[in-house]
*Asks:* 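I have a structure I would like to understand better, so I am pasting it below and will then ask my questions one at a time.
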Amino acid sequence: MNIDKQIWPGYIPPESDELFSSWFIRLCNEHRIKSHSFSKFYFNNSPIWNRDVDLYCPELIIEKIKTYTFLSDIQIENLFLNSYQDRLFNENRDKLFTINSLGILHRMRKLNGLRYCPGCIDSEKVYFRKNWRLGISLICSKCNLILLDSCPTCKSPICFHRLETGYKNSLLQYPLNKCWACKNNLYTEHSKIPANDLLAQYQTYVDSTLLNGYNEKTQYSFQYFYMLISLQKKIISKSTNWSRIKNAAKIEYESIFLNVDFNNKDLSLLRNSLLASFLILQQSQEKFKSFCSNYNLRYSDFTKDLDKVPFWFIKFFRDSF
């Protein structure tokens, strides 16, 4: 460790599972300076909020973090979503297949790409976790609560950096657990919905797969997630020509889709369609064969529009018949 480094005067270390953007806004608050001014002074005015900085971070920012902190290369890498390379996704084009899009328009967020746990942010130390950007994250394993993706009051997307907008003489007049639009709490009691056993089972399985980099189906976890999410997309698809998997899932898992609106791709549909995908892939070979036979499902129904079909799924399908 180089004790002669010129460390930021208001430096605070990031949490081990924290998003860079969350740490950055907290860092700016410790320096009593707005994020735009901080970026202008230390990051050569590199863009922060008008891009997905957690996914596509300029190399300059990474180099500046190395210069002004004691963080190791691994600790810095873990601030960004690229740290999921070869576990959640493999090729660059698959990033947005597994990571939720924010729908960035200038400094605004048009899509609900950032989720959060109302239990975790109702605490003394408020910050946003890296895994809350992942499409596979449905519940908080710590609090056993269902993750949310918008303000429970006004339904606005989560844009914690907008909390400093409009207050020229103060920084973060409101804490990070307030909605930027209506300024109400993001952690209302009615928004704290406990996860059921199936959701807990699902999250435990995908978290273990992501952590280990493999599961009993494949030695490459990113191949499992590729099939899991591709199935989800087929279930929520509005296509009428390729709807057999969707129709089969709606009948086979009727209780999961009870009161779910397939015309509105909200978090309820995303959550329950991913659960159905998980249950389909968890079937034994015998049950999978019956599932396909009962609903006249073919290999092409599962693999249509896929750039590549993982070998583990090819073998699973072939061995089931």
Side-chain angles (χ1 to χ4, degrees), residues 96-103 109-119 131-141 143-158 186 188-207 224-283 287-288 290-292 294-297 301-302 304-305:
L96 294 182
F97 196 69
T98 52
I99 295 174
N100 295 327
S101 175
L102 298 174
R109 304 291 183 263
K110 297 298 184 181
L111 299 178
N112 299 345
L114 177 59
R115 298 170 184 172
Y116 70 94
C117 169
N131 64 5
W132 291 348
R133 278 291 307 277
L134 308 186
I136 60 171
S137 294
L138 300 181
I139 74 168
C140 173
S141 298
C143 303
N144 197 42
L145 296 176
I146 292 176
L147 297 184
L148 306 179
D149 65 355
S150 63
C151 171
T153 303
C154 70
K155 306 306 179 185
S156 296
I158 307 305
L186 296 174
T188 57
E189 286 304 314
H190 78 271
S191 69
K192 297 178 180 178
I193 305 173
N196 58 34
D197 291 342
L198 178 57
L199 275 168
Q201 176 190 348
Y202 159 85
Q203 199 65 59
T204 298
Y205 186 84
V206 297
D207 285 350
Y224 174 79
F225 293 126
Y226 184 79
M227 285 306 302
L228 179 73
I229 296 176
S230 70
L231 262 181
Q232 178 197 36
K233 291 184 179 299
K234 287 177 170 59
I235 292 173
I236 64 177
S237 172
K238 293 184 178 181
S239 171
T240 56
N241 295 326
W242 290 87
S243 57
R244 281 191 290 266
I245 288 182
K246 176 180 180 178
N247 295 334
K250 289 171 69 174
I251 297 172
E252 187 77 6
Y253 305 110
E254 181 181 6
S255 60
I256 291 179
F257 292 112
L258 190 65
N259 299 324
V260 173
D261 183 3
F262 275 79
N263 294 317
N264 182 16
K265 290 187 179 181
D266 61 6
L267 185 56
S268 176
L269 176 59
L270 296 176
R271 181 171 56 242
N272 289 286
S273 58
L274 200 58
L275 275 180
S277 300
F278 168 70
L279 291 174
I280 291 172
L281 294 180
Q282 290 301 107
Q283 294 179 107
K287 289 185 176 180
F288 182 73
S290 297
F291 175 70
C292 293
N294 291 340
Y295 300 104
N296 194 27
L297 298 177
D301 290 313
F302 291 93
K304 183 183 182 300
D305 296 330

*Asks:* Would you sort out whether Asn247 and Tyr295 count as a side chain to side chain contact (heavy atoms under 4.5 Å, CB included), showing the intermediate values?
*Replies:* CA-CA 8 Å; Asn247 295 334; Tyr295 300 104; over 6 Å; no
*Asks:* Are any side-chain N or O atoms of Tyr202 and backbone N or O atoms of Leu279, one a donor and one an acceptor, separated by less than 3.5 Å?
*Replies:* no
*Asks:* Judged by atom type as modelled, is there a donor-acceptor pair below 3.5 Å linking the side chain of Thr204 to the main-chain atoms of Ala200?
*Replies:*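 Yes.
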*Asks:* Got a second to check how far Ile146's CD1 is from Cys117's SG, nearest 0.5 Å?
*Replies:*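 Rounded to the nearest 0.5 Å, the CD1-SG separation comes to 10.5 Å.
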*Asks:* Once you round to the nearest 0.5 Å, how far does CD of Glu252 lie from OG of Ser290?
*Replies:* 9.5 Å
*Asks:* If we only count heavy atoms from C-beta on, is the Lys155 to Asn112 side-chain gap below 4.5 Å?
*Replies:*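 No, their side chains stay 4.5 Å or more apart.
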*Asks:* CG of Asp197: more than 12 outside heavy atoms within 6.0 angstrom?
*Replies:* no
*Asks:* Taking the side chain as every heavy atom from C-beta outward, state whether Phe97 and Ser230 have any pair of such atoms under 4.5 Å apart.
*Replies:* yes
*Asks:* Please check this pair: side chain of Lys234 against backbone of Lys304, looking for a donor-acceptor N/O pair closer than 3.5 Å.
*Replies:*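 Yes, the answer is positive, given that a donor and an acceptor are paired below the 3.5 Å cut-off.
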*Asks:* Is any side-chain heavy atom of Leu274 closer than 4.5 Å to a side-chain heavy atom of Leu228?
*Replies:* yes
*Asks:* So Cys151 and Leu186, do their side chains get closer than 4.5 Å, heavy atoms only?
*Replies:* yes
*Asks:* Give me the one residue out of Leu145, Leu138, Asn272 that meets side chain to side chain contact (heavy atoms under 4.5 Å, CB included) with Leu199.
*Replies:* Leu138
*Asks:* Report yes if some heavy atom in the side chain of Ile235 is under 4.5 Å from a heavy atom in the side chain of Phe257; otherwise report no.
*Replies:*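 They are in side-chain contact.
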*Asks:* A side-chain contact here means heavy atoms from C-beta on lying under 4.5 Å apart; do Thr98 and Ile229 qualify?
*Replies:*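 They are in side-chain contact.
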*Asks:* Ignoring hydrogens and geometry, is there a side-chain-to-backbone donor-acceptor pair from Arg115 to Ser137 under 3.5 Å?
*Replies:*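 The answer is yes, because a donor-acceptor pair under 3.5 Å joins these two groups.
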*Asks:* Within the 4.5 Å heavy-atom criterion, are Pro152 and His190 side-chain neighbours or not?
*Replies:*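 In short, these two side chains touch, coming nearer than 4.5 Å.
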*Asks:* Distance from Lys233 atom NZ to Lys265 atom NZ, nearest 0.5 Å?
*Replies:*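 Nearest 0.5 Å value for the NZ-NZ distance: 7.5 Å.
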*Asks:* Rounded at 0.5 Å granularity, tell me how far CG in Asn131 sits from CD1 in Ile136.
*Replies:*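 Between atom CG of Asn131 and atom CD1 of Ile136 there are 8.5 Å.
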*Asks:* Would you mind reporting whether Arg109 and Ile158 have side-chain heavy atoms less than 4.5 Å apart?
*Replies:*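 Sidechains of Arg109 and Ile158: no contact.
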*Asks:* Look at the aromatic rings of Trp132 and Tyr116 and report parallel, tilted or perpendicular, splitting at 30° and 60°.
*Replies:* perpendicular
